[in-house]
Structures are given as C-alpha cells and as structure tokens.
Amino acid sequence: MRIPREDDSPLDWLLFEQSGVISARQAERLLSAGRVRHLIAGGRWRRICRGVLVAGDGPLTPEAHWWIAVLAAGSASVLAGLAAARAGGLAGRWPRREVIDVLRPATRAAPALLRRMPIEMPAVKVHRTTRLPVEDRHIGRPHRTSMARSLLDAASWSLTDQDAVSILAAGCQQRLVLPAEVRAAADRFPHCHRHALIVATLDLAELGATSPAEIGFLDLCRRHRLPEPQLQVKRRDASGRTRYLDAYFTEFRVHVEIDGAQHMDARAWAADMIRQNDLWVSGDRILRIPAFLILISPEEVVRQVIAALRAAGWS
C-alpha cells in the first residue's frame, strides 16, 4: 500500500498501518454501518471472516495474514510462535508448520479459528495463556510476543523435534536473540513441551553451534564421550584471509567441515577445496561430512570421527 499523505483521513492511515486489514468495530467507529455495507457490496472491501474486513481485492500479504489472525482472535490477542518470530525478522522455511499462532489471555474465551480462515491464507490457532509478562511482549504492528518467547513457543509447538532445533538455531544464528534470552524465557515455563530439548539446544548454541547440523554433531560427540571440539574456530589461510572451521579438535588437529546444501554451488565448492588444501598443507586432518548424514546416519559420522582422532593419537 502507498504511504498516506499527511492530510489523508484516519481511515487511510489505519489501513496503511494494518496492511489493509480492519476490524468491523474499527470500521464502524470511522464510518457509518451503511457506508461499510456499501464498500463491501461494491467490491472495494471484502469480508474475510466474522468481524474482519480487507480493503481491496488483491492477494493477501503475509503481513495481512498476521493482522487478520490477531484481529479475528479478539482484543488483547498478540501474534505468537513462528509467525511472531517471522514478523521480528526470522528467515527460513519450515513447511510442516503452516499455522499462524495467536496468544490470548486465559480469562477470555478463545474463538475456534483453525478452520474458519479463507483458503488463501494459513489456518489460525488461538492459544490461551495465564502468563504473558512485560518481558515477553513486543510492541509492534501487530503486537506480538518477544523474539525469545516467540522462539520458545515455536519450538514447543513444532510438529517435530528436528523443526524445534532448527528454529532455535536459526534465531541464534541470525543474531535475532541470544541463547541466554531464550533460556530466561524457558525458565519461566519449565513445564512447556520439549523443555529438556530446548534447554539442551540452547546449551550447545552458547558453545557456538550455529546450525542444526552443528548442534547435532556436538551432541553426538558428547553422547559418545569424544573430545569436545571447538566450533567456528577462526584461522588465517595461506593468503592471510580469515576462515572459520566448523568444528576443530585442537589437541589432535582434526578439522570437521559440516557441508550443507550451499556447499554444492560450484563457486562455494571451489572455495572449500582451496581452504581444505591450505589446511592439509599445514598438517591438519580434515573430514567432510554432509549435514544430512548427521541426521540419517549418525553412527557412520561417529565411526569416521573416532577413526580420525585415533589416527591423530587419541585413545
């Protein structure tokens, strides 16, 4: 939507601030009920669900989806979970979680919106909570939970443990929140779903694990009582450029590179080979492990790491 001019009406400004979405109650405060009906009948506005209208007939944006969810859930509701984290800047794809979560005070009834949204937007799930302290709130458009609380709830509500770890890792990796901030939120909700997994993931994130694969690798080392590697170790290559090693067993000079899909790009692959050659020349042992192997065949990863460490003198 275009930015309104200073002399535009309060309605124009409200529609701009709310991504073209308006509640019926807001509309009737600014317009007569007859005028609202006229706009709907003429196709300039459309009714999305009970009590929520949208100006225009174009496709709905993600921001409009969030506003629809919060306004449909009723007063005092806030955007929550993965949707709130996305509103705060979280990037990534989690296709198994196509639901917009909203938090609402437990003292108020929660409308059943899961199946009432139009087919063009995700379903909306309303959660009731007895605890939403000031530190768990973020004043925004729309209002939402803080990034730490959003990630905690998103991990707790995820369909799989893998998604939960991935969401937490992404929030920390993208510098949107510190692991300690999410831990403080988790401490306020010790009985939340996956609490132990969430705390364990944050422990590893505080050690420098910045991806689900790195978190999984460090967890494997701990469970099999291997030496604990340093993560994201800064090194200078032969040309003087700063490089970062995914995992490095310093005492044994064993370097483990965890390759995600981005390493399949031809330029990235060439850069990896050059860096690998520099490390080989300096005497390091290098293991290249595809990220997916940590998830589907952890025993093979452990076997290779043990073999490399033993060859370097570990027993």
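- The pair Arg253-Asp284 counts as a salt bridge, with a side-chain nitrogen and a carboxylate oxygen less than 4.0 angstrom apart.
- Remark: side-chain polar atoms of Arg47 are not paired, donor with acceptor, to backbone N or O of Val54 under 3.5 angstrom.
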Take Ile22 and Trp45, measure what side chain to side chain contact (heavy atoms under 4.5 Å, CB included) needs, and give me the verdict at the end.
CA-CA 10 Å; Ile22 188 170; Trp45 284 13; 4.1 Å; yes
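- For the atom pair CZ (Arg141) and CH2 (Trp66), the distance works out to 14.5 Å, reported to the nearest 0.5 Å.
- Pairing each heavy atom of Ile167 with each of Ala154, the nearest pair is CG2-CB, 4.0 Å.
- The shortest heavy-atom contact between Leu151 and Ala85 is CD2-CB, 4.1 Å.
- Judged purely by atom type and a 3.5 angstrom limit, Ser150 uses its side chain to pair as donor or acceptor with the backbone of Thr145.
- You'll find the side chain of Pro122 reaches within 4.5 Å of the side chain of Ile100, heavy atoms only.
- A donor-acceptor pair under 3.5 Å links the side-chain atoms of Trp13 to the main chain of Arg5, judged by distance alone.
- Sorted by first and then second residue, the salt bridge (charged side-chain N to carboxylate O under 4.0 Å, His left out) pairs involving residues 219-233 (not counting sequence neighbours) are Asp219-Arg223, Arg222-Glu228.
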Apply side chain to side chain contact (heavy atoms under 4.5 Å, CB included) to the pair Leu60 and Ile48, showing each step before the final yes or no.
CA-CA 11 Å; Leu60 298 174; Ile48 294 297; 4.2 Å; yes
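- For the 3.5 Å distance criterion, the side chains of Ser9 and Asp12 qualify, holding a donor opposite an acceptor.
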Could you go step by step and tell me if Val256 and Val301 meet the side chain to side chain contact (heavy atoms under 4.5 Å, CB included) rule?
CA-CA 10 Å; Val256 177; Val301 173; over 6 Å; no
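- Not one N or O on the side chain of Arg149 forms a donor-acceptor pair closer than 3.5 Å with the backbone of Leu132.
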So Tyr248 and Val254, side chain to side chain contact (heavy atoms under 4.5 Å, CB included) or not? Walk me through it.
CA-CA 6 Å; Tyr248 190 58; Val254 172; over 6 Å; no
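- One distance of note links CG of Asp246 with CG of Leu231; it measures 8.5 Å at 0.5 Å rounding.
- Judged by distance alone, with hydrogens and angles left aside, the side-chain atoms of Ser156 form a donor-acceptor pair with the main-chain N or O of His193 at under 3.5 Å.
- Of the inter-residue distances, the one linking Leu204 atom CG with Leu218 atom CG reads 5.0 Å to the nearest 0.5 angstrom.
- By the rule that hydrophobic residues join a cluster once side-chain heavy atoms approach within less than 4.5 Å of another member, Leu15 and Leu39 end up as members of one cluster.
- Using a 4.5 Å heavy-atom threshold, the side chains of Ile289 and Glu257 count as separate.
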In residues 170-191, what donor-acceptor pairs under 3.5 Å come from side-chain atoms, sequence neighbours left out?
from   : atom 1 : to     : atom 2 : distance (Å)
Gln173 : NE2    : Thr210 : O      : 3.1
Gln174 : OE1    : Ala91  : N      : 2.9
Gln174 : NE2    : Ala91  : O      : 2.8
Arg175 : NH1    : Gln173 : O      : 3.1
Glu181 : OE1    : Leu178 : N      : 2.7
Arg183 : NH1    : Asp203 : OD1    : 3.2
Arg183 : NH2    : Asp203 : OD1    : 2.5
Arg183 : NH2    : Glu206 : OE1    : 2.9
Arg188 : NH2    : Asp136 : OD1    : 2.4

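- The stretch residues 297-315 participates, sequence neighbours left out, in these side chain to side chain donor-acceptor pair (under 3.5 Å) pairs: Ser297-Glu299, Glu300-Arg303, Glu300-Gln304.
- Contact check for Cys49 versus Met117: side-chain heavy atoms found under the 4.5 Å cut-off.
- Within the model, atoms CD of Glu214 and OG of Ser211 stand 4.0 Å from one another, a figure rounded to the nearest 0.5 Å.
- When the side chain to side chain contact (heavy atoms under 4.5 Å, CB included) test is applied to His143, the partners found at least two apart in sequence or on another chain are Val78, Ile139.
- Shortest non-hydrogen contact noted between Ala24 and Leu53 is CA-CD1, 4.4 Å.
- In this structure, CH2 in Trp157 is found 8.5 Å from NZ in Lys125, a value given to the nearest 0.5 Å.
- A donor-acceptor pair is defined here as one N or O able to donate and one able to accept, closer than 3.5 Å; such a pair exists between the side chain of Arg194 and the backbone of Ala155.
- The main-chain N or O of Glu28 is never found under 3.5 Å from a side-chain atom of Arg35 such that the two would form a donor-acceptor pair.
- Closest approach of Leu220 to Ile294, counting heavy atoms only: CD1-CG2, 4.1 Å.
- A donor-acceptor distance shorter than 3.5 angstrom exists from the side chain of Thr201 to the backbone of Leu197, with no hydrogens or angles considered.
- Here Arg128 pairs with Ala106, Ala110 under the side chain to side chain contact (heavy atoms under 4.5 Å, CB included) rule; sequence neighbours left out.
- The side-chain heavy atoms of Pro298 and Phe217, taken from C-beta on, include no pair separated by under 4.5 Å.
- Environment of CD in Glu17: crowded, with over 12 heavy atoms of neighbouring residues, nucleotides or ligands closer than 6.0 Å.
- The salt bridge (charged side-chain N to carboxylate O under 4.0 Å, His left out) check on Arg46 picks up Glu120, with sequence neighbours excluded.
- Here the side chains of Phe16 and Ile3 are in contact, with some heavy-atom distance below 4.5 Å.
- Taking both residues in full, the closest heavy atoms of Phe249 and Pro227 are given as CE2-O, 3.0 Å, listed atom of the first, atom of the second, then distance.
- A 4.5 Å side-chain heavy-atom check between Leu11 and Gln26 finds every atom pair outside the cut-off.
- Within the 3.5 Å criterion, the main-chain N or O of Ala73 finds a donor-acceptor partner in the side chain of Arg104.
- Remark: the Trp94 side chain and the Ser158 side chain contain no N/O donor-acceptor pair separated by less than 3.5 Å.
- Between Leu103 and Asp153 the shortest side-chain heavy-atom distance falls below 4.5 Å.
- Linking Ile, Leu, Val, Met, Phe, Trp and Tyr residues whenever their side-chain heavy atoms come within less than 4.5 Å leaves Val165 and Val199 in two separate clusters.
- For the residue pair His65/Glu63, the side-chain donor-acceptor check at 3.5 Å is not satisfied.
- Put simply, CZ on Arg86 and CG on Leu79 are 11.5 Å apart, with the number rounded to the nearest 0.5 Å.
- Shown here for Ala308 and Arg285, the closest heavy-atom pair between the two residues is O-CD, 4.0 Å.
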